[in-house]
Amino acid sequence: MSNTIDKFNSAVMHTYGRLPIVLDSGSGRTASDEDGKTYIDFGSGIGTNSLGYCNENWADAVCAQARKIQHTSNYFYTSVQADYAARLTSLTGYKSVFFCNSGAEANECAIKIARKYSFDKYGEGRGTIVTLENSFHGRTVTTLSATGQDIFHNYFFPFTPGFVHTPSGDIAALEKLLEEDRSICAVMVEFIQGEGGVNVLDKAYAKRLSELCTEKDILLVADEVQTGVGRAGTFLCSEQYGVKPDVTTLAKGIAGGLPMGACLAGEKCFEVLTPGTHGSTFGGNPICCAAAAAVLDTVTAKGFLASVQQKGYSIVSKLLGCSEVEGVDGIGLMLGIRLKTKDAHAVLEEAAKRGLLLLTAKNKVRLLPPLTISDEEIEKGIGILIDILEEK
Ligand SMILES: *Cc1c(COP(=O)(O)O)cnc(C)c1O
């Protein structure tokens with residue numbers, strides 16, 4: 001066993017089941033381990049390396065910013081944060097943004113906005129937030145409460161109160177809940193549940209949800225931490241649903257592999273957070289903003305998002321020709337493969353041995369390739385995967 005793995009395990013908390021691979025460098029869509037073995041990456045570090053490994057423009061932007069000014073507190077202004085915020089809000093049609101460092105933090109910000117919006121308008125007692133069963137919203141104590149899976153509600157008692165969960169796609173249950181529970185201030189949803197197993201939200205449900213929220217002055221919060229920034233083939237996944245959430249959170253792929261989260265707020269609630277009510281030491285860090293701007297340059301280039309959709313279709317059509325594949329769920333380059341007989345995690349382990357990095361989500365094989373993946377790499381990677389799936 002590698003010296004690195006022993007050293008790692010003797011000093012780092014064992015919070016992950018890791019593969020016995022030490023990744024050492026990367027270029028394009030290929031990662032290399034310590035022994036020089038290469039892997040086509042269909043996981044992007046969980047949807048984070050949206051431009052693949054060490055993209056030239058991205059690395060130049062990061063290095064140039066590191067040589068200019070790497071951090072200031074948020075008691076000052078920087079032009080990189082100003083420029084990126086202006087581009088992001090104008091592109092998405094939101095009025096303001098708060099920058100933080102992760103998806104969980106972006107959701108914490110959304111939760112605070114929803115509760116304060118309601119407090120400012122209606123006073124105390126209207127702080128409940130509805131989320132969907134099987135959702136995933138993060139690992140902080142509050143975002144674990146928000147997460148609609150019992151398995152996450154263990155050990156760390158007491159959890160933050162004020163969250164209720166409702167079955168995804170069940171309009172009648174939603175209507176009943178919003179009618180009966182007058183303490184609700186927001187509903188938070190993922191358009192495609194990522195960790196929950198790549199489950200696509202029903203379109204009619206999303207539409208009705210949006211109408212109900214508007215009628216009852218309840219904020220609609222979209223957790224686009226995994227689906228956002230082009231992953232689903234539109235900059236925001238909500239565009240494909242024809243709904244405009246009051247708040248949208250982003251993270252994962254936003255800065256191409258540097259830690260960054262964003263909470264976007266619309267007309268109703270963009271001024272809810274006032275001086276002293278929220279903050280983040282690292283939020284809006286200049287290097288992360290420069291990296292995010294480089295991601296935005298690529299993702300907004302003419303034809304890029306259409307190519308993401310196209311690559312998604314191409315992967316799905318190849319997979320549907322495989323006898324072991326029951327079906328493929330997801331949109332764009334966020335895909336979950338339902339298998340007939342094989343165990344998803346065993347497939348992932350075998351793929352790693354053959355030079356292909358995959359993810360799983362519940363019992364599905366999950367694909368989140370870099371948005372820049374080429375047709376040749378798709379051909380090669382899916383070829384390896386299908387070989388494994390078709391073996392007896
Ligand atoms: C990954 C994820 C989070 C948590 O993001 P972190 O950066 O790990 O805090 C929250 N919501 C969704 C939908 C995610 O996929």
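One-based numbering along the sequence shown. Counting convention: from 1, in listed order, for ligands and their atoms alike.
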Can you tell me if D246 uses its side chain to pair, donor with acceptor, with the backbone of L220 under 3.5 Å?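 Checked: pair present.
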Distance-only, no hydrogens or angles: does the W58 side chain make a donor-acceptor pair with backbone N or O of A255 under 3.5 Å?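 Yes; judged by distance alone, with no hydrogens or angles, the pair exists.
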Return a yes/no value for [X]: is any of its N or O atoms, backbone included, closer than 3.5 angstrom to an N or O of ligand 1?
X    : result
A251 : no
V225 : no
E190 : no

Step by step, work out the side chain to side chain donor-acceptor pair (under 3.5 Å) result for T214 and E211. CA-CA 5 Å; T214 307; E211 287 166 8; over 6 Å; no
Look up atom 7 (O) of ligand 1 and tell me if a protein heavy atom lies less than 4.0 Å from it?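 So atom 7 (O) of ligand 1 has protein heavy-atom neighbours under 4.0 Å.
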[X]-[Y] side chain donor-acceptor pair, cut-off 3.5 Å:
X    : Y    : answer
H165 : T131 : yes
T4   : E34  : yes
Q149 : K362 : yes

For atom 10 (C) of ligand 1, which of Q193, E108, R139, H137 has the closest heavy atom?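 Result: the heavy atom closest to atom 10 (C) of ligand 1 is in H137.
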Of the choices Q226, E195, K252, E105, which has the non-hydrogen atom that lies closest to atom 1 (C) of ligand 1?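 Looking at heavy atoms only, K252 sits closest to atom 1 (C) of ligand 1.
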Could you check whether D170 pairs with K176 (Lys NZ or Arg NE/NH1/NH2 to Asp/Glu carboxylate O, under 4.0 Å)?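 Salt bridge between D170 and K176, a charged N being under 4.0 Å from a carboxylate O: no.
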Does the ring center of F157 lie less than 6.0 Å from the ring center of Y155?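 No - the distance between ring centres of F157 and Y155 does not fall below the 6.0 Å cut-off.
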Taking heavy atoms and a distance under 4.0 Å, where does N107 meet ligand 1: side chain, backbone, both or neither?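 It is the side chain that touches ligand 1; the backbone stays farther off.
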Proximal ligand 1 atoms for [X], defined as those under 4.0 Å from one of its heavy atoms:
X    : result
A104 : 4 (C), 5 (O), 6 (P), 9 (O)
D223 : 10 (C), 11 (N), 12 (C), 13 (C)
S102 : 7 (O), 9 (O)

In the protein, which heavy atom is nearest to atom 5 (O) of ligand 1, and how far is it?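 So the nearest neighbour among protein heavy atoms is G103 CA, 3.3 Å.
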